[in-house]
Asks: 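Mind looking over this structure? Questions follow.
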Amino acid sequence: MEKAVEILKKYWGYDQFRKKQDQIIASVLKGKDTLALLPTGGGKSICYQVPGLLQEGTCLVISPLIALMQDQVDQLKKRGIKAVSISSGMSAREIDIQLDNAVYGHIKFLYVSPERLKTRLFQARFEKMNINLIAVDEAHCISQWGYDFRPAYLEIAAIKKFKPDTPILALTATATPEVVDDIQKRLDFKEQNVFFDSFERSNISYNTYLSNNKVNRMLEYLKDKKDSGIVYCSTRKEVKNICKVLIDHNYSADFYHGGLDAEVRRKKQQSWIDNETRIMVCTNAFGMGIDKPDVRFVLHYDIPETIEAYFQEAGRAGRDGKSSEAWLFYEPADVERLQEKIRLKYPTLESIKKIYNCLGNYFQLAIGSGKEESYPIDMLDFCDHYNLDLITAYNSLKFLEIGGFISLSENINRPSRLHILVDQPTLYQFQVKDNNLNRIIQFLLRTQMGIFEDMVAINERKIAKYTQLSTKQVIQGLSLLEQQDVIDYLPETKGSSVFFVTERLADNNLSLPTEIYHQRKKISFSKMESMVEFLEKNECSNIMLLRYFGENESSACGRCNRCLEKNKLTKSTDLHNDITVYINNKFKSTNEISIEEVIAALGTYKKDDVLQTIRWMTDHDLLHVDRLAQHIKKP
């Protein structure tokens, strides 16, 4: 493991691994299929990045989260490590180039979405790649018992036949015991091999609070808070509204959701990380890949759908190990709203078939066409075009994704990309012919390293500024160069896209997986009920969370609001009993006792607590007190 520590020090600057990381890496280096179950913030990516760098060849990383994939790639590139991701929104030529780079060993980490695995192009190239490790991120997605099942994950076991001796490292932050067993079965582990770190985060107190006005309760909580925190809301509208409320009350706050422009999201995120903004109000699009250590509180303004989602989001607090809090504020009607939300997630099978047909018509696809093609989609325009309910349409598309017919990539924001296809002498011929092209090409050659080898991100507005051309002229020049096959140019893409995993099917060939539909519906309601039980059951929050994830030997945390209330009640009962015993003993020899004497005798309790308990006992006719003389009289 000495070389592993050297890699860790060289690229990440750490002198030693965190708990379990070294054991997981050692297991992978021995060629064993391995499941790493680490909590949010446990450093899962290090577990595949270090062995990927240590060994000859390329590490294949499978992840369902495009934004997280790109973030990981960017982080690796900053460290001088060659990495690429392949996702919808890329051109066929761009995908072809990146897969070639993987085949010929020019990259160390290849990130792909699970839907990519079953494409003919990927499988043909994958056979030729020297793969040293297959890393499966968010591995709970392979289990139908998991909260975020993705059927495309089932293809992972199928591609193992091409690399039977290559180990698999599955990673997840949230999995119940049932899901842990299912992951290993679905990935065809040679033997069970799980590295499990306790889900307990002893520095975080998990609190729930039922209120008739959760906005006021949240403001009351934030009063005098000066630290960094997150407020999670379920919709973009709520995110904006709550952010405005906080700003109106003079809090340093900003909002974040997946629909914002990529550059805007980056600036907001960086401002929060740098503590220029104190509170980030956001949807669950915020937080993936962010490791800000000093988050002191995470607040939930809405009820998450599952314990897994809640635990993962709350776990973004206190990564530095210091005392932190998670609070979930809810109103009585919120539980009904959550139940309705889960019901709406499962449109009728007839509605799903209708949406599928509308989708094919929207893209003007003939029956039998469209396979492995990606198409941008404006959901509002799609629904307006066919007079569809937006929520029904969206949830229908999500089920079509579960059924393996399409893949829905939401809020794709990719910058323009460019790759020079010709050599410099050929390029020079275009420079001397056109002054505008000369300015553009000179700028690209000066500023874009590796532009002859690979696609690089560009900004047309920035090029226009430095070449003193208009943005329109820059785009026209780049388009002309592409028409002449001098460059491969892809303008920026925004919004959602639909990737057709299969060709468009006729009505009589569209066989929806009804068994999966009913099973997923049952599981969703079961998980929702677990979330509601967590809210309503009067038990230590920490015990309930750990029990959900299979840790049954945990003890009360003593820090959550339920534990504190219980402790307060217990102390109050003990004090009541001690006062009664002391007074009854004294009354055997006297008819009155001064309150000061009682306070002195019960010196282990606070004076205010003794006085408050005596008042309560007096109000309930359990004691007779001469208030003027401050004496307790014998009845």
Side-chain angles (χ1 to χ4, degrees), residues 66-67 70-71 73-80 82-85 87-98 101 106 254 256 258-274 276-277 374 376 378 411-495 497:
I66 292 174
Q70 194 54 51
D71 179 70
V73 168
D74 291 343
Q75 292 298 323
L76 288 168
K77 285 182 175 179
K78 286 178 183 176
R79 293 182 168 91
K82 292 184 177 180
V84 297
S85 65
S87 60
S88 55
M90 296 171 65
S91 71
R93 186 187 292 180
E94 190 176 5
I95 293 170
D96 203 38
I97 291 169
Q98 301 294 22
N101 286 337
H106 300 317
D254 199 355
Y256 182 109
L260 296 171
D261 179 80
E263 183 61 19
V264 173
R265 293 203 313 271
R266 187 193 67 77
K267 287 180 178 178
K268 286 173 178 279
Q269 179 176 306
Q270 195 60 47
S271 176
W272 179 74
I273 289 173
D274 294 338
E276 294 168 3
T277 302
S374 184
D378 181 329
N411 304 313
I412 301 300
N413 289 282
R414 294 182 65 92
S416 299
R417 283 101 69 211
L418 188 147
H419 175 213
I420 296 177
L421 304 174
V422 299
D423 56 23
Q424 286 198 338
T426 305
L427 194 61
Y428 181 71
Q429 294 177 19
F430 288 87
Q431 290 180 255
V432 297
K433 289 179 183 177
D434 188 296
N435 186 45
N436 285 356
L437 290 181
N438 181 46
R439 290 191 210 174
I440 295 169
I441 292 170
Q442 281 189 345
F443 176 82
L444 291 172
L445 294 178
R446 283 198 312 268
T447 60
Q448 301 294 337
M449 298 292 291
I451 198 168
F452 286 94
E453 289 81 33
D454 202 352
M455 279 282 190
V456 296
I458 62 165
N459 185 317
E460 293 90 343
R461 291 173 291 282
K462 185 176 179 181
I463 297 172
K465 178 181 177 181
Y466 284 95
T467 58
Q468 297 184 328
L469 299 171
S470 67
T471 303
K472 183 178 180 181
Q473 286 175 310
V474 170
I475 293 173
Q476 287 175 340
L478 295 175
S479 299
L480 177 62
L481 290 172
E482 185 183 38
Q483 291 169 16
Q484 299 293 324
D485 289 327
V486 176
I487 64 171
D488 192 359
Y489 169 54
L490 292 171
E492 66 178 332
T493 54
K494 294 183 179 181
S497 67

Asks: Whether the side chain of Arg417 engages the backbone of Leu490 through a donor-acceptor N/O pair (distance < 3.5 Å, no angle test) should be reported.
Replies: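 Side chain of Arg417 to backbone of Leu490, a donor-acceptor pair under 3.5 Å: no, none is there.
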Asks: Considering all heavy atoms of both residues, which atom of Ser271 and which atom of Thr277 are nearest to each other, and what is their separation?
Replies: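 Smallest heavy-atom distance, with atoms named: OG-OG1, 2.8 Å.
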Asks: Out of curiosity, Ser85 OG to Asp74 CG, how far, rounded to the nearest 0.5 Å?
Replies: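 Reported value, rounded in 0.5 Å steps: 8.0 Å.
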Asks: Would you say that more than 12 heavy atoms from the other residues, nucleotides or ligands in this model lie under 6.0 Å from the CD of Gln468, or not?
Replies: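 No, CD of Gln468 has 12 or fewer neighbouring heavy atoms, counting only those of other groups under 6.0 Å.
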Asks: With sequence neighbours left out, which residue pairs that include part of residues 435-447 fulfil the side chain to side chain donor-acceptor pair (under 3.5 Å) condition?
Replies: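 Residue pairs passing side chain to side chain donor-acceptor pair (under 3.5 Å), neighbours aside: Gln431-Asn438.
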Asks: Nearest 0.5 Å please: distance from the CD atom of Gln484 over to the CG atom of Leu437.
Replies: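 Here the interatomic distance stands at 9.5 Å.
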Asks: Going through the distances and angles, do Leu418 and Ile451 end up as a side chain to side chain contact (heavy atoms under 4.5 Å, CB included)?
Replies: CA-CA 7 Å; Leu418 188 147; Ile451 198 168; 3.3 Å; yes
Asks: Would you mind writing out the side-chain donor-acceptor pairs for residues 422-429 within the sub-3.5 Å range, not counting sequence neighbours?
Replies:
from	atom 1	to	atom 2	distance (Å)
Asp423	OD1	Thr426	N	3.0
Asp423	OD1	Thr426	OG1	2.6

Asks: Is there a side-chain contact between Phe443 and Lys465 (heavy atoms, below 4.5 Å)?
Replies: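 No, every pair of side-chain atoms sits at 4.5 Å or beyond.
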Asks: Side-chain contact, heavy-atom cut-off 4.5 Å: Asp254 with Trp272?
Replies: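 A side-chain contact is absent here, since even the closest heavy-atom pair is not under 4.5 Å.
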Asks: Under the side chain to side chain donor-acceptor pair (under 3.5 Å) rule, collect the residues that match up with Arg266, sequence neighbours excluded.
Replies: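 Partners of Arg266 by the side chain to side chain donor-acceptor pair (under 3.5 Å) criterion, ordered by chain and then number, come out as Glu263.
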Asks: Not counting sequence neighbours, which residues clear side chain to side chain donor-acceptor pair (under 3.5 Å) with Asp485? List them please.
Replies: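 Here no residue qualifies.
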Asks: Sequence neighbours left out, what passes side chain to side chain donor-acceptor pair (under 3.5 Å) with Thr471? Give chain and number order.
Replies: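 Residues passing side chain to side chain donor-acceptor pair (under 3.5 Å) with Thr471: none at all.
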Asks: Can you tell me how far CD of Gln269 sits from CG of Asp274, rounded to the nearest 0.5 angstrom?
Replies: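 Interatomic distance, Asp274 CG to Gln269 CD, rounded to 0.5 Å: 10.5 Å.
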Asks: Out of curiosity, Ile475 CD1 to Ser416 OG, how far, rounded to the nearest 0.5 Å?
Replies: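 The distance works out to 7.5 Å.
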Asks: Donor-acceptor pair, Gln98 side chain versus Ile95 backbone, under 3.5 Å?
Replies: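 Checking the backbone N and O of Ile95 against the side chain of Gln98, no donor-acceptor pair under 3.5 Å is found.
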Asks: For Gln448, give me all partners under side chain to side chain donor-acceptor pair (under 3.5 Å), at least two apart in sequence or on another chain.
Replies: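 Side chain to side chain donor-acceptor pair (under 3.5 Å) list for Gln448, sorted by chain: empty.
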Asks: Looking only at heavy atoms, what is the nearest atom pair of Ile440 and Val474, with distance?
Replies: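 Shortest heavy-atom separation between Ile440 and Val474 comes out as CD1-CA, 3.9 Å.
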Asks: Do you know which two heavy atoms are closest between His419 and Phe452, and how far apart they sit?
Replies: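 Scanning both residues, the minimum pair turns out to be NE2-O, 3.0 Å.
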Asks: Does the side chain to side chain contact (heavy atoms under 4.5 Å, CB included) test come out yes or no for Val486 and Leu421, once each step is laid out?
Replies: CA-CA 5 Å; Val486 176; Leu421 304 174; over 6 Å; no
Asks: Testing the basics here: between Ile463 and Leu444, what is the closest heavy-atom pair and its distance to 0.1 Å?
Replies: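 Between these two residues, the closest heavy atoms are CD1-CD2, 4.0 Å.
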Asks: Please examine the side chains of Tyr489 and Leu481, heavy atoms only from C-beta on, and report whether any two atoms are closer than 4.5 Å.
Replies: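 Side-chain contact under 4.5 Å: no.
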Asks: Measure across Lys268 and Tyr256 and return the closest heavy-atom pair with its distance rounded to 0.1 Å.
Replies: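 The pair with the smallest heavy-atom distance is CB-CD1, 4.4 Å.
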Asks: Look only at the side chain of Asn459 and the backbone of Arg461, and say whether a donor-acceptor pair between them is shorter than 3.5 Å.
Replies: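 Checking the backbone N and O of Arg461 against the side chain of Asn459, a donor-acceptor pair under 3.5 Å is found.
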Asks: Can you name the closest pair of heavy atoms from Ser470 and Ala464 and give their distance?
Replies: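 That would be C-CB, 3.8 Å.
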